[in-house]
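Right, one structure below, let's go through it.
Everything numeric here is computed off the predicted structure, so don't read it as measured data. Note on naming: letters A, B, ... go to the chains in the order of the sequence lines (proteins, then strands), and numbering restarts at 1 for each one.
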Amino acid sequence: MKRNKFYVTTPIYYVNDAPHIGHAYTTILADVLARFHRALGDDTFFLTGLDEHGQKVQQAAEKRGLAPKQHCDDLAPRFSDLWKTLGISNDDFIRTTEARHVSVVQAILQKVHANGDIYQKEYEGLYSVAEERFITEKEAESGQFREVKTLKEKNYFFKMSKHQDRLIKYIEDNPGFIRPEHRKNEMLGFLRQPLGDLCISRPKARLSWGIEIPFDRDYVTYVWFDALINYISAIGYMADEDKFKRFWPAVHLIGKDILTTHSIYWTTMLFSLDLPLPEAIFAHGWWLMGESKMSKSLGNVVRPLDLIEQHGVDAVRYYLMSEMNLGSDANFTPENFIKRYNSDLANDFGNLLNRVSGLIAKNHGGIIPEAGTPSSADEEVVVTGRALGPKVEALIRDYKVDEALNEIMNLIRQVNKYMEAQAPWKLAKTDLPAAGRVLYTATEALRLSAVLLKAVMPTKVATVLEILGVADSGLSWGELKSGVLLPAFPPLFPRIEVEKKV
RNA sequence: CGCGGGGUAGAGCAGCCCGGUAGCUCGUCAGGCUCAUAACCUGAAGGUCCUUGGUUCAAAUCCAAGCCCCGCAACCA
């Protein structure tokens with residue numbers, strides 16, 4: 001039987017940026033998908049990394065009196081350390097300054113040049129000396145740019161326009177390629193206009209911190225042309241063809257801000273290289289802080305580390321995954337976080353585990369009771385439980401993590417109702433085995449939910465499954481072992497008490 | 001101007017494609033239970049389903065017009 005493969009990427013983040021909740025979100029999402037697919041037995045590869053070239057890095061390094069590379073080396077751990085803290089299970093971490101990447105970018109430039117898809121031309125446009133970049137007419141009119149003058153410059157261009165029709169057809173023929181759907185429409189709308197060519201060079205006189213263009217030493221390549229290639233350089237394009245063939249094409253998770261770069265620049269580059277296009281490009285929304293966008297000037301940037309310190313990694317992962325649905329924007333507020341945490345994790349999931357294990361301790365000597373012959377009430381739980389795995393799998397394969405989590409919580413809610421109806425604490429007085437049967441059913445449902453929550457909350461779930469004595473159990477009903485001693489344990493997700501404002 | 005998405009209880013959303021008692025989570029209120037992390041369960045209140053008109057026995061759902069919100073509008077080289 002052929003194994004499915006799953007190659008998922010995050011964007012490579014700009015090394016100069018301070019990591020914020022948005023970076024954390026994309027990376028956690030990728031991690032959750034990767035963990036799910038690994039659990040499903042798919043041949044999985046999960047890549048993230050850093051974009052380290054460009055003007056901002058050069059300038060920031062100069063300011064600090066450091067070589068750009070040194071500057072990057074200093075800053076890179078801000079991301080890689082955060083990923084460790086967040087429990088990110090990436091298989092590789094690529095930095096665009098690494099030799100393995102630089103050589104592939106240069107080889108690709110040569111190849112595309114040889115294909116005739118790169119040409120040189122002189123460009124004349126409005127240039128802001130203060131900003132050190134060309135600006136559009138609109139921007140010039142806005143008056144926000146100083147020292148604007150007309151500048152002529154020779155540069156290299158990539159023939160994006162050549163691939164336009166092919167790209168349109170591809171997007172139309174592959175409905176799941178750009179997700180969610182409305183983003184696909186946006187891109188098709190964008191492509192209705194004639195596509196220009198992409199300038200892919202910078203004269204070294206203006207910008208030296210980049211990858212040198214092999215056929216013209218006076219230039220470095222444009223950061224995006226450099227950066228996008230990470231998705232294939234990291235898995236061995238032109239270096240380890242077996243690995244490359246094993247994993248390419250990828251699923252790219254990106255923020256909606258860089259949809260054009262991915263669905264237009266990157267795809268036409270791949271066309272030129274005669275490589276398959278990505279399996280999917282998924283653009284998620286922004287995290288809004290209350291009503292406004294997160295921004296440094298507003299001082300409302302959420303630092304993931306603060307949250308984790310207060311409430312733990314798993315809770316933060318769960319919150320981000322459950323609160324953001326598909327491609328829309330989501331609202332981040334501490335109040336929301338606490339509500340979600342208390343109702344789902346503390347009151348429903350954590351508390352259910354507590355009541356079940358408490359009853360087992362009290363009435364069954366702490367030993368997991370026999371499953372017995374299910375009553376019709378038990379059977380309802382079993383049916384939901386059995387159906388849950390496939391349901392969740394389908395949702396995850398469709399990138400609907402929030403819906404998958406909701407399905408899992410629905411089982412938990414159902415079990416709470418079932419407990420109430422069966423009242424094993426009463427049953428124990430008249431029919432101990434029947435009470436045991438109910439508790440077995442409830443605990444087994446809990447175990448099953450835990451297994452499905454593993455990708456989102458790896459640490460807590462590991463604890464739960466250890467407590468239940470079935471660390472490596474899977475998704476079939478009945479893997480919970482009777483006769484095993486349930487140890488005592490502190491509440492899994494202690495409620496967050498909020499002082500009410502008077 | 002253009003293209004795309006949306007407007008459903010206090011909040012966040014589902015339902016709309018394939019018309020027929022308007023549903024879920026959170027919040028509020030009342031009750032129950034007492035195994036549990038003041039948790040859990042039940043019930044209630046709360047909706048002109050943006051507006052207007054049309055089709056139909058029947059429209060949140062289909063059609064038309066309008067209002068409002070949001071996204072895209074590259075060539076930021």
Side-chain angles (χ1 to χ4, degrees), chain A residues 121-128 131 133-140 145 151 153-158 160-161 180-203 206-207 219 221-225 256-257 259-261 263-265 283 285-286 322-323 325-331 333 335-336 338-340 342-363 402-403 406 409-410 412-413 415-428 435 438-439 442 490-497:
Chain A
K121 125 181 147 180
E122 188 159 71
Y123 176 82
E124 184 174 333
L126 296 166
Y127 184 79
S128 162
E131 293 279 324
R133 67 173 179 93
F134 282 95
I135 57 175
T136 62
E137 280 189 24
K138 259 190 202 164
E139 284 179 318
F145 296 87
L151 189 76
E153 194 171 277
K154 259 195 179 174
N155 266 312
Y156 289 94
F157 288 77
F158 168 60
M160 279 204 309
S161 55
E181 177 103 23
H182 66 271
R183 297 288 167 200
K184 178 193 93 176
N185 293 335
E186 257 176 43
M187 286 304 108
L188 283 173
F190 183 89
L191 285 166
R192 228 167 275 144
Q193 309 289 325
L195 208 54
D197 290 334
L198 182 68
C199 177
I200 55 155
S201 69
R202 297 291 183 278
R206 205 145 66 65
L207 172 72
Y219 290 87
T221 191
Y222 172 46
V223 279
W224 269 115
F225 198 89
K256 62 183 184 180
D257 51 328
L259 180 60
T260 309
T261 23
S263 52
I264 314 279
Y265 299 3
W286 297 117
S322 58
E323 197 73 11
N325 75 308
L326 291 172
S328 22
D329 290 347
N331 232 310
T333 66
E335 292 76 20
N336 266 344
I338 292 170
K339 256 181 204 167
R340 179 68 81 160
N342 277 346
S343 72
D344 288 5
L345 299 181
N347 298 350
D348 285 344
F349 187 82
N351 182 49
L352 179 61
L353 180 65
N354 228 29
R355 46 193 315 209
V356 160
S357 67
L359 282 166
I360 290 176
K362 197 170 169 184
N363 299 328
D402 60 318
E403 285 182 41
N406 192 41
M409 289 318 297
N410 277 342
I412 298 292
R413 291 183 196 114
V415 173
N416 265 323
K417 288 185 176 79
Y418 162 79
M419 285 284 284
E420 204 66 27
Q422 301 305 308
W425 51 93
K426 275 186 195 161
L427 250 188
V438 170
L439 288 176
L492 206 60
F493 297 102
R495 256 183 86 80
I496 303 171
E497 298 301 338

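Figure legend. B:G2 is base-paired to B:C72; pairs are counted as Watson-Crick or G-U wobble with both atom distances under 3.5 Å. Pair assignment for B:A58: none, as no Watson-Crick or G-U wobble contacts are both less than 3.5 Å. The partner of B:A64 is B:U52, by the rule that a Watson-Crick or G-U pair needs both atom distances under 3.5 Å. The partner of B:C13, taking Watson-Crick or G-U wobble pairs whose two distances both stay under 3.5 Å, is B:G23. Taking a pair to require two hydrogen-bonding distances under 3.5 Å in either a Watson-Crick or a G-U wobble arrangement, B:C40 pairs with B:G32.
The residue A:Leu492 sits close to a base: some heavy atom pair falls under 4.0 Å. Using a 4.0 Å heavy-atom distance criterion, A:Ser357 is classed as making no nucleic acid contact. A:Pro194 comes within contact range of at least one nucleobase, with a heavy-atom separation under 4.0 Å. Counting non-hydrogen atoms under 4.0 angstrom, A:Leu359 reaches a base of the nucleic acid. Within the 4.0 angstrom heavy-atom criterion, no nucleotide atom of any strand lies near A:Asn342. When heavy atoms are screened at a 4.0 angstrom cut-off, A:Arg340 is found touching no nucleic acid atom at all. Contacts of A:Leu259 with the nucleic acid, taken as non-hydrogen atoms under 4.0 Å apart, are absent.
Straight-line distance from the OH atom of A:Tyr418 to the C1' atom of B:C33: 18 Å, rounded to whole Å. Nucleotide B:U37 holds its P atom 17 Å from the CD1 atom of A:Ile496, rounded to whole Å. Going from atom CG of A:Leu191 over to atom P of B:G4 covers 15 Å, rounded to whole Å. In this structure, CD of A:Glu403 is placed 15 Å from C1' of B:G23, rounded to the nearest angstrom. Distance CE (A:Met160) to C1' (B:C75): 6 Å, rounded to an integer number of Å. B:G5 atom C1' lies 14 Å from atom CE of A:Met187, rounded to whole Å. Separating the CE atom of A:Met409 from the C1' atom of B:C40 is a distance of 13 Å, rounded to the nearest angstrom. Summarising the geometry, the separation between CD1 on A:Ile412 and P on B:C40 is reported as 13 Å, rounded to the nearest angstrom.
Of all non-hydrogen atoms in A:Phe158 and A:Tyr265, the two that sit nearest each other are CE2-O, 4.5 Å. In this structure, A:Asp344 and A:Asp348 approach most closely via the heavy-atom pair O-CB, 3.3 Å. A:Thr221 approaches A:Ile200 most closely through the heavy-atom pair OG1-O, 3.0 Å.
Distance check on atom C1': B:U51 versus B:U28 gives 30 Å, rounded to whole Å. To the nearest whole angstrom, the two C1' atoms, one in B:C69 and one in B:C62, are 24 Å apart. Taking the P atom of each, B:C24 and B:A14 are spaced 16 Å apart, rounded to whole Å. With both ends at atom C1', the span from B:C33 to B:U42 equals 10 Å, rounded to whole Å. Taking atom P in both B:C68 and B:G31, one finds a spacing of 47 Å when rounded to whole Å. The separation of B:A60 from B:A9, taken at their C1' atoms, amounts to 14 Å, rounded to a whole angstrom. Across B:C50 and B:C13, the matching P atoms stand 15 Å from one another, rounded to whole Å. Rounded to a whole angstrom, the distance from the C1' atom of B:U56 to that of B:C72 is 38 Å.
Side chains of A:Asn416 and A:Arg413: no donor on one and acceptor on the other come within 3.5 Å. In the model, A:Asn351 has no side-chain atom that pairs as donor or acceptor with a side-chain atom of A:Arg495 under 3.5 Å.
Checked against B:G71, B:C40, B:C33, the side chain of A:Trp425 finds its nearest nucleotide in B:C33. For A:Ser343, taking side-chain heavy atoms from C-beta onward, the closest of the listed nucleotides B:A73, B:A39, B:C26 is B:C26. Residue A:Arg413 has its side chain nearest to B:U25 when only B:C35, B:U25, B:C72 are considered. Comparing B:C41, B:A39, B:A73 by their closest approach to the side chain of A:Asn351 singles out B:A39. In this structure, of B:A39, B:C33, B:C72, it is B:A39 that holds the atom nearest to the side chain of A:Arg495. Comparing atom distances between the A:Asn354 side chain and each of B:U37, B:C26, B:G71 picks out B:U37 as nearest. In the set B:C72, B:A74, B:U34, B:A74 carries the atom at the smallest distance from any side-chain atom of A:Gln193. Of the candidates B:C72, B:C41, B:A74, the closest approach to any side-chain atom of A:Glu186 belongs to B:C72. Looking at the side chain of A:Asn185, the nearest of the listed nucleotides B:G4, B:G71, B:C26 is B:G4. Each of B:C35, B:C40, B:C3 was ranked by its minimum atom distance to the side chain of A:Arg192; first place goes to B:C3.
Contact annotation: the side chain of A:Met419 approaches that of A:Leu439 to within less than 4.5 Å [non-hydrogen atoms, C-beta and beyond].
For A:Arg355 and A:Glu420, the salt-bridge test passes: some basic side-chain N is under 4.0 Å from an acidic carboxylate O.
Not a single donor-acceptor pair under 3.5 Å links the side chain of A:Asn363 to the backbone N or O of A:Trp425.
The 5' end of RNA chain B is approached more closely, in terms of each residue's nearest nucleotide, by A:Lys339 than by the other of A:Asn416 and A:Lys339. Take the nearest nucleotide of RNA chain B for A:Asp344 and for A:Lys426: the residue whose nucleotide is more 5' is A:Asp344.
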